[in-house]
Amino acid sequence: KILDMEESSDTYGIYDPNNPISWEDHQPQSMEERVEERVECLRRKIKYYFMNPCEKYHARGRKPWKLMLQIVKIAIITIQLVSFGLSNQMVVTFKEENLMTFKHLFLKDYADGDMDTYAVYRQADVYDHIEYIILQEFYRNGSIYSGTETVEIDAHVETSKHFHCYNQ
């Protein structure tokens, strides 16, 4: 006989203090009754195993704490994923902005535009671009006075070109 899901909760092993069961009621009379009782016990266990948390709560009266724990874990993991995504977005934005800044600093006459364009340069243009990158600027004259912790600098700036390999 297969048990229905709508069966009363007494088949799930709930103890009723108003109706105590004696020891003799649990003692099977024959071998067939023992086998049948074990089969019935196994059926109850299997039925309980395949119940959802709401049915288990109604059957045993226990709170579904494992279900609550799973919901809390899902919430924590979701919060972690959202925070990781936001921090990753900030890193990508920072990288893109720095890349654009370095392009403007180190590429002579750089203009934002289509990245799929190609160009042909002459040797003099290439050397001119390299000089633009390694150009150094120095103050003409400067003095540091350590006693008074002051610095005296001449405001005129001299540029130094270290790369003069090409012929004019």
Side-chain angles (χ1 to χ4, degrees), residues 1-121 125-126 129-137 139 144 146 149-151 153 162:
K1 162 180 158 179
I2 298 176
L3 298 174
D4 293 334
M5 293 301 262
E6 290 82 23
E7 239 179 80
S8 65
S9 63
D10 60 348
T11 60
Y12 300 114
I14 295 177
Y15 176 72
D16 185 9
N18 297 330
N19 188 11
I21 301 172
S22 67
W23 175 256
E24 291 81 25
D25 292 339
H26 280 293
Q27 298 301 319
Q29 300 299 327
S30 68
M31 183 65 107
E32 292 174 1
E33 288 180 4
R34 279 190 232 162
V35 170
E36 189 174 319
E37 184 177 314
R38 286 185 179 180
V39 168
E40 190 66 31
C41 181
L42 184 61
R43 283 183 183 164
R44 283 192 307 246
K45 286 181 181 179
I46 291 173
K47 182 179 176 184
Y48 183 77
Y49 180 78
F50 287 106
M51 287 182 175
N52 65 32
C54 295
E55 291 172 341
K56 287 181 180 181
Y57 174 71
H58 291 296
R60 294 262 171 114
R62 295 182 191 168
K63 303 282 188 247
W65 61 273
K66 289 181 182 179
L67 175 66
M68 290 183 238
L69 180 65
Q70 294 297 330
I71 291 171
V72 169
K73 285 177 15 182
I74 289 171
I76 289 172
I77 291 171
T78 303
I79 290 170
Q80 287 177 339
L81 285 173
V82 168
S83 68
F84 174 75
L86 292 175
S87 66
N88 194 25
Q89 179 185 6
M90 289 189 296
V91 168
V92 169
T93 304
F94 176 78
K95 178 189 165 280
E96 289 174 353
E97 289 175 354
N98 278 344
L99 182 65
M100 192 58 61
T101 302
F102 284 129
K103 284 180 180 179
H104 282 286
L105 281 175
F106 294 120
L107 298 177
K108 187 176 180 180
D109 302 328
Y110 178 77
D112 294 334
D114 190 19
M115 298 302 288
D116 295 333
T117 58
Y118 297 99
V120 177
Y121 294 102
D125 293 334
V126 172
H129 283 269
I130 293 173
E131 283 181 2
Y132 179 77
I133 294 171
I134 61 172
L135 184 72
Q136 293 182 351
E137 296 179 348
Y139 288 108
I144 300 173
S146 60
E149 295 182 359
T150 58
V151 178
I153 298 175
H162 294 283

Checklist entry - Can you tell me how far OG1 of T78 sits from CD1 of I74, rounded to the nearest 0.5 angstrom? => result 7.0 Å

Item to check | Straight-line distance of K103 NZ to L99 CG, nearest 0.5 Å | outcome: 4.5 Å

Give the table of side-chain donor-acceptor pairs shorter than 3.5 Å for residues 80-92, with sequence neighbours excluded, one pair per line with atom names and distance.
unit_1: S83; atom_1: OG; unit_2: I79; atom_2: O; d: 3.3
unit_1: S83; atom_1: OG; unit_2: Q80; atom_2: O; d: 2.9
unit_1: S87; atom_1: OG; unit_2: S83; atom_2: O; d: 3.4
unit_1: S87; atom_1: OG; unit_2: F84; atom_2: O; d: 2.9

Item to check | Spacing of E40 atom CD and E33 atom CD [to the nearest 0.5 Å] | outcome: 13.0 Å

Checklist entry - With a cut-off of 6.0 Å (strictly less than), are more than 12 heavy atoms of other residues, nucleotides or ligands near CG of L69? => result yes

Item to check | Between CE on residue M100 and NZ on residue K95, distance to nearest 0.5 Å | outcome: 10.5 Å

Checklist outcome for this item: Between M51 and K47 the two heavy atoms that sit nearest each other are CG-O, 3.2 Å

Next on the checklist: Let me confirm one number: the NZ-NZ distance from K66 to K56, rounded to the nearest 0.5 Å.
Outcome noted: 7.5 Å

